[in-house]
Amino acid sequence: MMNIRQALNKAEQALREQGIDNPRLDAEVIMAFCLGVERSVLFHEAGSELPERQARRFDALIARRLDREPVAYITGRKEFWSLDFTVDRHVLIPRPETELLVEKVLECTGMKDGPLTLLEVGTGSGAVAVVIAIERPRASLVAVDISPAALRMARLNARRHGVTDRVHFVCGNLCEPLTGKFDIVLSNPPYIAEEEFSHLADDVRIFEPKAALVSGKEGTEMHRSIIDSSAGCLTGGGWLFMEMGAGQHKRIGSMLKQDGRYDGIVFYRDLAGIVRVVSARRKGTADG
């Protein structure tokens, strides 16, 4: 029998030898999940004996991490915007850089007080739509995804956070299944180029859904489709927000200009200094 500290030390060493980043953190997150406690409890209970049943479960889950399965899929949880979301291998794991997309949408004119309508293209886990619904109680959202399995997860997260009355989920591609106009369209689309996929970390390449990652030869094919599709479902003066990959801003900026239906193009950098989000205004006025 081992105590919690000894089990963590053993797991940390195994993860480190396998080249896993942040081995101690991963071991602690998995241990806390096994014990059904907050991670902070581990520090106070480090000398406590680890029951045999939990020890076996911990070893089994650490084995999955040694096979490069992401911790979020092992625990079925991922924090985003300081909220807890349920995830599985049908959806992309929410990432911190996507919080910039949420931040810029929330800062958009009219979002603080107005009853705006928003469309999220490619909702995945639903994390972005759910956060916006929580932060802006007067907003209503439609969230579209082509994957029925992803939509099941998104609906679960909407129920979990109590926003099912203001987030409507639709299965379809881009704006195709929808009618009516929206004040804001937003998306975190796939933006990995096909040739880059084989170079991704095993955690991502093997386990996360490829369709949510890869977007053609240059990684921007989905951006082009969203730019074209969104122009038809945005109100005049409405806004399009998209996340992008490193080094893609010039290509996406050219797409928006060449389309001819947008102006007011602005790019935003993430905390690493990478241009990560673009916003563009649909030309025209709300009344036509």
Side-chain angles (χ1 to χ4, degrees), residues 1-100 102 124-128 130-131 134 149-150 153-154 156-157 159-161 188 192 197-210 212-213 270-272 274:
M1 298 293 291
M2 289 188 288
N3 62 32
I4 291 173
R5 181 185 297 108
Q6 291 168 330
L8 285 171
N9 290 342
K10 179 183 176 184
E12 179 186 5
Q13 181 179 350
L15 293 169
R16 191 182 305 280
E17 289 174 353
Q18 194 69 13
I20 303 290
D21 293 334
N22 304 308
R24 185 69 181 193
L25 174 62
D26 286 2
E28 290 177 355
V29 170
I30 292 171
M31 177 66 79
F33 174 69
C34 285
L35 297 177
V37 299
E38 295 296 323
R39 193 168 135 242
S40 59
V41 173
L42 301 180
F43 300 100
H44 304 293
E45 302 294 331
S48 300
E49 185 177 280
L50 184 62
E52 184 177 352
R53 181 179 177 184
Q54 279 81 0
R56 287 198 303 268
R57 187 184 185 201
F58 179 66
D59 288 344
L61 298 186
I62 288 296
R64 289 169 61 181
R65 185 66 186 118
L66 288 168
D67 284 337
R68 300 289 176 160
E69 184 173 354
V71 173
Y73 291 155
I74 293 172
T75 64
R77 303 171 183 170
K78 181 63 177 178
E79 183 179 290
F80 181 79
W81 203 264
S82 299
L83 297 171
D84 199 31
F85 289 91
T86 302
V87 296
D88 65 14
R89 291 180 62 173
H90 294 105
V91 299
L92 197 69
I93 298 170
R95 288 162 164 80
E97 50 264 37
T98 302
E99 294 190 357
L100 180 64
V102 174
S125 68
V128 169
V130 168
V131 167
I134 290 171
M153 185 62 60
L156 186 157
N157 282 315
R159 289 195 299 271
R160 181 176 185 180
H161 291 286
N188 174 23
I192 302 296
F197 180 73
S198 62
H199 301 295
L200 295 177
D202 289 350
D203 312 49
V204 178
R205 180 178 52 82
I206 296 173
F207 292 95
E208 298 199 59
K210 185 177 181 180
L213 293 165
D270 62 19
L271 293 176
I274 296 170

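Sorted by first and then second residue, the side chain to side chain donor-acceptor pair (under 3.5 Å) pairs involving residues 26-37 (not counting sequence neighbours) are R24-E28, D26-R65, E28-R39. Pairs of residues two or more places apart, or lying in two chains, never qualify as ring-ring contact (aromatic ring centres under 6.0 Å, His included) while including a residue from residues 42-67.
Within a 6.0 Å sphere centred on NE2 of H90, heavy atoms belonging to other residues, nucleotides or ligands number 12 at most.
Listed here is the closest heavy atom pair of F197 and I192: N-CG2, 4.1 Å. Closest approach of P23 to L15, counting heavy atoms only: O-CD1, 3.4 Å. For the residue pair F207 and Y73, the shortest heavy atom distance occurs at O-CE1, 3.7 Å. Contact record, P70 with I93: CB-CD1, 3.6 Å, taken as the closest heavy-atom pair. R68 and Q18 make their closest contact through NH2-O, 2.5 Å (heavy atoms, listed as atom of the first residue, atom of the second, distance). The two residues E208 and L92 come nearest to each other via the heavy atoms OE1-CD1, 3.1 Å.
Side-chain contact between L35 and I4: present, with at least one pair of heavy atoms (C-beta onward) separated by less than 4.5 Å. For the pair R159 and L156, the minimum side-chain heavy-atom distance is below 4.5 Å. Side-chain contact check for L213 versus V204: some heavy-atom pair is nearer than 4.5 Å. F85 places none of its side-chain heavy atoms less than 4.5 Å from the side chain of M153. Residues M31 and L50 form a side-chain contact, since some pair of their non-hydrogen atoms from C-beta on lies under 4.5 Å apart.
With N157 contributing its side chain and S125 its backbone, the two residues share a donor-acceptor pair below 3.5 Å. Panel note: side chain E12, backbone A27; no donor-acceptor pair is recorded below 3.5 Å. Checking side-chain atoms of D67 against main-chain N and O of E69 turns up no donor-acceptor pair under 3.5 Å. Using a distance-only test at 3.5 Å, with no hydrogens or angles considered, no donor-acceptor pair links the side chain of Q13 to the main chain of K10.
A distance of 11.0 Å separates CZ of R5 from CD of E45, quoted to the nearest 0.5 Å. Once rounded to the nearest 0.5 Å, the distance linking CE of M2 with CG of D59 reads 6.0 Å. Atom CG of L61 is separated from atom CD1 of I30 by 6.0 Å, given to the nearest 0.5 angstrom. Atoms CD1 and CZ, on I62 and R57 in that order, are 12.0 Å from each other to the nearest 0.5 Å.
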What side-chain donor-acceptor pairs closer than 3.5 Å can you find for residues 77-84, not counting sequence neighbours?
from : atom 1 : to   : atom 2 : distance (Å)
W81  : NE1    : E135 : OE2    : 2.8
D84  : OD2    : R160 : NH2    : 2.8

